[in-house]
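Just so you know, residue 1 is the first one in the sequence shown, and it goes up from there. All values below come from the heavy atoms of this structure, side chains included, with hydrogens, waters and symmetry mates left out.
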Amino acid sequence: MAVGVLVWAVLHVLLMRRGRTPRPVRLPPSRDDPVSDALADTGPLPRLDDAGLDVTELRWIVSVAEIEPVDEGGWNTVVGLDDTVSSYADVAADGLEDALADQPGMDAVHHVDREVVLVRSVLSLPDVHAAAIRALLSIHRTPRPPRDLRLPPAVMNALADGVTAALAAHGFTGGPAPGGESTPSRHHTRGPLFHRVLADDGLVQTVELHHGFAPPDELTEGSLVLTVDVVEMATADAASSVGRCADPHVAVPGERVLSVSYDRVPATVAAIEQVLAGKALRLLESTRTRARIVDRWVSGLPWSVPDRLFWEAADVAARWGFRGHARDLLKHGPRRSPEAAAVAAKHGLHS
């Protein structure tokens with residue numbers, strides 16, 4: 001799939017900097033289809049749940065593109081990561097940057113953002129694509145411990161205390177975990193969680209602070225990941241859903257339909273509030289209804305669908321009654337996709 005809007009936003013900033021270097025000449029592809037070879041060599045994937053995931057989708061949810069060499073690093077390739085890669089590994093906490101840097105032919109790697117990895121390499125784009133897939137699968141099997149030290153739960157809770165008032169002003173409740181404890185989830189230790197219920201549309205919006213790390217040298221500021229989710233409630237009974245969300249460390253019941261993460265946010269109250277005001281809360285305000293969420297997906301056509309794969313977004317749109325939007329999403333997705341065909345058949349979208 002195409003590199004997302006966030007990828008190009010990051011690259012636009014980088015391209016404005018000085019220090020460009022000439023574009024290196026790339027080597028020819030090592031094989032006819034390096035990506036197919038990487039997918040054929042996957043072997044068992046022990047950490048997958050019974051979710052019926054098909055590794056062939058990695059061809060679409062991991063993307064590569066050539067860019068003009070930028071910054072002092074001379075980065076000439078961008079690897080784009082769809083949010084769906086979280087089904088395979090936590091790219092931030094499990095060590096994707098190190099795993100990709102260890103792949104043959106990688107001169108330098110910089111994981112700029114959850115969805116953006118910059119690479120300097122003379123390998124062909126198909127070979128970089130294959131290397132990124134191999135790196136992702138390697139940390140799926142054997143996560144790499146972070147080089148940084150995890151921020152203690154008490155520190156994360158103190159940060160949550162500091163932003164509680166700002167979030168409460170927008171109708172969010174929740175916050176620090178009772179007693180300063182944290183609850184491990186499948187891929188990471190869950191951090192302080194805030195939520196607000198949009199009962200009219202059967203949605204819950206959440207703001208989570210997690211993956212807090214402090215550099216071991218103590219010379220630079222710690223950081224964390226701020227993630228916002230929109231979840232379709234599992235029940236039409238809003239009061240029941242609110243009750244099940246009361247504990248800030250109990251997963252919101254329902255299906256996540258939209259998720260955006262802001263990585264490497266400095267671990268200070270001021271920095272978190274800046275990201276909340278400038279990005280996260282604006283996004284959540286613009287996705288307060290099902291209609292606005294579907295409009296967000298369609299607005300990215302024909303190049304990308306924010307937050308979801310084409311057929312996943314189409315499935316949700318059709319289920320919500322936005323059949324025209326669902327057809328538009330399927331029309332611009334990868335051709336001959338069996339997943340898209342299944343969604344079209346499920347909802348009768350061919351007629």
Side-chain angles (χ1 to χ4, degrees), residues 4-7 9-10 81-87 90-93 113-116 156 159-160 162-177 185 187-199 201-212 223-233 241-242 245 248-297 299-300 304-308 312-313 316:
V5 174
L6 178 58
V7 174
V10 172
L81 303 171
D82 184 271
D83 187 64
T84 313
V85 300
S86 62
S87 299
D90 188 310
V91 293
D113 187 271
R114 188 177 188 84
E115 300 178 7
V116 183
M156 295 293 288
L159 293 170
V163 299
T164 294
L167 285 165
H170 292 269
F172 285 85
T173 60
S185 68
H187 286 313
H188 64 272
T189 299
R190 179 158 239 163
L193 185 70
F194 300 82
H195 74 273
R196 69 180 176 188
V197 176
L198 307 174
D201 262 70
L203 302 174
V204 177
Q205 295 181 329
T206 68
V207 176
E208 182 182 2
L209 309 180
H210 59 106
H211 293 318
S223 64
L224 52 83
V225 177
L226 188 155
T227 297
V228 297
D229 289 335
V230 181
V231 179
E232 182 184 11
M233 287 188 283
S241 290
V242 171
C245 297
H249 289 268
V250 172
V252 176
E255 177 187 353
R256 185 178 66 176
V257 295
L258 184 151
S259 181
V260 176
S261 292
Y262 305 96
D263 291 359
R264 302 190 183 189
V265 178
T268 66
V269 171
I272 296 169
E273 289 185 337
Q274 184 177 8
V275 174
L276 286 170
K279 298 178 181 179
L281 289 172
R282 289 185 180 183
L283 170 64
L284 291 173
E285 286 298 321
S286 70
T287 54
R288 289 182 63 98
T289 67
R290 300 183 185 209
R292 289 183 181 181
I293 292 172
V294 174
D295 285 343
R296 171 180 168 84
W297 291 336
S299 69
S304 67
V305 178
D307 322 308
R308 301 301 296 263
E312 291 179 340
V316 174

Heavy-atom side-chain contact between [X] and [Y] under 4.5 Å:
X    : Y    : result
L281 : L167 : yes
E232 : R290 : yes
Y262 : L283 : yes
I272 : L209 : yes
E273 : V275 : no
V257 : I293 : yes
W297 : V316 : yes

By side chain to side chain contact (heavy atoms under 4.5 Å, CB included) - contacts of T289 (at least two apart): D201, A291, R292
Judged by atom type as modelled, is there a donor-acceptor pair below 3.5 Å linking the side chain of [X] to the main-chain atoms of [Y]?
X    : Y    : value
E208 : G191 : yes
Q205 : L284 : yes
R264 : L224 : no

Closest approach of [X] and [Y], non-hydrogen atoms and distance?
X    : Y    : value
S259 : T227 : OG-CG2, 3.8 Å
R288 : L203 : O-CD1, 4.0 Å
V269 : G162 : CG1-O, 3.5 Å
P266 : A271 : O-CB, 3.5 Å

I'd like to know whether D263 forms a side-chain hydrogen bond (donor to acceptor under 3.5 Å, both in side chains) with S261, so could you lay out the CA-CA distance, the side-chain angles of the two residues, the decisive distance to 0.1 Å, and finally the verdict. CA-CA 6 Å; D263 291 359; S261 292; 4.9 Å; no
What's the verdict on side-chain contact (heavy atoms from CB on, under 4.5 Å) for V207 and L276, showing C-alpha distance, side-chain angles and the deciding distance? CA-CA 9 Å; V207 176; L276 286 170; 4.0 Å; yes
Could you tell me whether E285 and R196 make a salt bridge, using a distance below 4.0 angstrom between a side-chain N and a carboxylate O? yes
Considering residues at least two apart in sequence or located in another chain, which fulfil the side chain to side chain donor-acceptor pair (under 3.5 Å) criterion with T164? none
